[in-house]
Amino acid sequence: MKVNNFLRFKIKPMSELSQNHINIRVRFAPSPTGYLHVGNARTAILNWLFARHCGGSFILRVEDTDMDRSTTEYYKELLDDLKWLGLDWDEGPDVGGDFGPYKQSDRLQIYQDYANKLLAQGNAFKCYCTAEEIKEKSELAISKGESVNYDGTCYQLSQEQIRQFESQGRKPVIRFRVPSEEISFSDIVRGTITFDGDNISDFVILRAVGIATYNFAAAVDDTLMSISHIVRGEDHLSNTPKQILIHNALGHTSPNFVHIPMILGSDRSKLSKRHGDNQVRQYREKGYFPEALVNFLSLLSWSSPTGDELLSMKRLVEEFTLERLSKSAAIFDLEKFNWMNGWYLRNIEFDKITNMAIPFLEKEGYDISDETFAKKCIGAVITRADYLQELATRCSIFFQDEVMFENDTLMKSESSKKIFAEFLNETKNITDWRGETFKQIMKTIQQKTGVKGKDLWMPFRMALTGLEHGLELPNVVELLGLEKSKQFIQKAINT
RNA sequence: GGCGCGUUCGUCUAGUGGCUUAGGACGCCGCCCUCUCAAGGCGGAGAUCACGGGUUCAAAUCCCGUACGCGCUACCA
């Protein structure tokens, strides 16, 4: 039987007007079971933007109730990646706060107490069914076309039955008893959403080992931490009625819900390793910029009212509102992200770029003892790279001792041999070697040999860099220096 | 299987009943610049607004249905 309890569960919708109040409290609640996923990063970013836009609080809560998969190593890396993104939090496991502790593993007693309260109130019950028994029953239900619900085996156990289970060594879990009624709530992105309790199974809130499960811990903490808006991924939409049920049973008011769309891979399935890099750390290691990642990720399912896309953190904070969140999932388009990062590469202050790029050059094994030289190399290739690792790779032409030709047929022609020979001849007495000098020599070669344009420049580019297309040669030779330039041309002649 | 959510150019999106011959960005193509390739500037192609019904003088925008996609259905989060 369904009892319409709509009014009881209805969440008062909060308009953007009231969001300007100071008591906006949002949280990012990751579990430290791996490196930060870009989807989670986007959730963190949106929470942070919302909090900063409203002058509210951004809280970091670590959900490590899965003891098997959570590690302190990942916990540290998580914080590190969030900081790298430029996010900061007002309360969290590392900075403390009035609503701590902020690590769920430090709150286990709280969950046990609340579970006992629900037990005493009759909102929960001990269940001795094994995982195997439950699985068997749910498969049967599916085969019959029914929704997979707990069948109530342990609702009314006698003392005798309990004794029997205990003597078998069974440890009970605590399940929440889902009432047979409608659960309705207002999602700021999606509007009113209604679930029927009859379609929700009695779910475990406390494991046999006494540790709370996600839905329970999250529901308890969100109210205890006075969270005003839960901004999280759409994959939690179906968890929401369970959490509301818990809030309600505990006599708490539910926060506002904001379910943001998922980020998908190119084939529209959930973004995973298969699609390439899906961790913040991977982009970080390739030399993408945090401000570019934040910019790009915030534009997945959100847009500025101005229509602009290149947005600083400052502008994102100023312009971000929940109203402009879209409902549909977005594909992570690496090509567009590359473009955006490339834009940052070319627009961030050059000194900052070089400081960030130098470690990447080092990693390539280049000799960067001459910093001025390294900077010039970076400047020479900056328009041809989208991220620092690519930039470093492109700098190889300045540090290699030998040129590997992409295509050597170009250099075997009569005219190529002629212009190369002329080059060696012209540089015999040169001491002052700059790009201008090279240009002059090229002009002279052209006059003497009659070779010009592509036929003149292409062989030189191939001889000096090994590439058919690429940099402005005067720049290249200046950085290469006279000796190396001559040496490379000599090698080209011998090819 | 059940329940929930979603669906505008290849991709990210604007659009909240007439301002829309559906706008912008990435990518693609062309032109300019130029020794080449980038970068930059300019321009172009690209969407019967998933499909089918309604409501309305008028619908991408409101309602219903269908299809497809995604999520949840764990003693994961």
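Every chain is numbered from 1, with letters handed out A, B, ... down the list of sequences. Only heavy atoms go into these numbers, but all of them, side chains included; no hydrogens, no water, no symmetry mates.
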[N] pairs with which nucleotide, Watson-Crick or G-U wobble, both distances below 3.5 Å?
| N | value |
| --- | --- |
| C62(B) | G54(B) |
| U20(B) | none |
| C5(B) | G69(B) |
| G46(B) | none |
| C75(B) | none |
| G40(B) | C32(B) |

With a 3.5 Å cut-off and no angle check, do the side chains of [X] and [Y] form a donor-acceptor pair?
| X | Y | value |
| --- | --- | --- |
| Thr306(A) | Arg315(A) | yes |
| His259(A) | Arg232(A) | yes |
| Thr223(A) | His247(A) | no |
| Asn40(A) | His37(A) | no |

Would Phe337(A) and Tyr283(A) count as a ring-ring contact (aromatic ring centres under 6.0 Å, His included) here? Give the steps. CA-CA 11 Å; Phe337(A) 179 41; Tyr283(A) 289 100; 5.5 Å; yes
Regarding [X], tell me which of base, sugar-phosphate or nothing describes its non-hydrogen contacts under 4.0 Å with the strands shown.
| X | result |
| --- | --- |
| Arg324(A) | sugar-phosphate |
| Pro474(A) | base |
| Thr65(A) | sugar-phosphate |
| Glu309(A) | base |
| Ala330(A) | sugar-phosphate |

Report the C-alpha separation of Gln112(A) and Ile211(A) in whole Å, then their side-chain angles, then the decisive distance to 0.1 Å, and conclude whether the side-chain contact (heavy atoms from CB on, under 4.5 Å) test is met. CA-CA 8 Å; Gln112(A) 282 171 12; Ile211(A) 296 172; 5.9 Å; no
Can you work out whether Lys454(A) or Trp343(A) has the more 5'-proximal nearest nucleotide on RNA chain B? Lys454(A)
I want to confirm an ordering. Mapping Leu206(A) and Ser326(A) to their closest nucleotides on RNA chain B, which one lands closer to the 5' end? Ser326(A)
Quantified in whole Å, what is the [atom1] atom distance between nucleotide [N] and nucleotide [M]?
| N | M | atom1 | value |
| --- | --- | --- | --- |
| U8(B) | U48(B) | C1' | 12 Å |
| C42(B) | A58(B) | P | 42 Å |
| C33(B) | U13(B) | C1' | 31 Å |
| G23(B) | A60(B) | C1' | 13 Å |
| C72(B) | G18(B) | C1' | 41 Å |
| C70(B) | A14(B) | P | 22 Å |
| C63(B) | A25(B) | P | 32 Å |
| G46(B) | C9(B) | P | 14 Å |

Short heteroatom pairs, N/O only, protein and nucleotides 64-74 of chain B, under 3.5 Å:
unit_1	atom_1	unit_2	atom_2	d
G71(B)	O2'	Asp235(A)	O	3.2
G71(B)	N2	Ser238(A)	OG	3.3

Distance test, side-chain N/O of Arg346(A) to OP1/OP2 of G40(B), below 4.0 Å: yes
For C12(B), take OP1 and OP2 only and decide whether either is under 4.0 Å from a side-chain N or O of Arg42(A). no
What orientation do His229(A) and Phe50(A) show, parallel under 30°, tilted 30 to 60°, or perpendicular over 60°? perpendicular
Check the orientation of Phe332(A) and Phe296(A). Use parallel for under 30°, tilted for 30 to 60°, and perpendicular for over 60°. perpendicular
Value in whole Å for how far the [atom2] atom of [N] lies from [atom1] of [X]:
| X | N | atom1 | atom2 | answer |
| --- | --- | --- | --- | --- |
| Lys452(A) | U36(B) | NZ | P | 14 Å |
| Ile353(A) | A39(B) | CD1 | C1' | 15 Å |
| Arg190(A) | C5(B) | CZ | P | 9 Å |
| Trp339(A) | G10(B) | CH2 | P | 20 Å |
| Asp386(A) | A39(B) | CG | P | 8 Å |
| Ile445(A) | C35(B) | CD1 | P | 16 Å |
| Phe405(A) | U36(B) | CZ | P | 22 Å |
| Leu310(A) | G24(B) | CG | C1' | 13 Å |

Base of A38(B), side chain of Thr383(A) - is there a donor-acceptor contact under 3.5 Å? yes
Consider the side chain of [X], meaning its heavy atoms from C-beta on, and name the nucleotide among [options] that approaches it most closely.
| X | options | value |
| --- | --- | --- |
| Arg461(A) | U36(B), A77(B), U7(B) | U36(B) |
| Ile193(A) | G27(B), U36(B), G4(B) | G4(B) |
| Ser328(A) | A38(B), U8(B), A14(B) | U8(B) |

Residues 386-393 of chain A side chain polar contacts: donor-acceptor under 3.5 Å, at least two apart:
unit_1	atom_1	unit_2	atom_2	d
Glu390(A)	OE1	Asp386(A)	N	2.7
Glu390(A)	OE2	Arg394(A)	NH2	3.3
Thr393(A)	OG1	Gln389(A)	O	2.9

Do we count Trp457(A) as stacking onto C35(B) if the rule is ring centres under 5.5 Å and planes under 30°? yes
For Phe176(A) together with Phe216(A), are the ring centres under 6.0 Å from each other? no
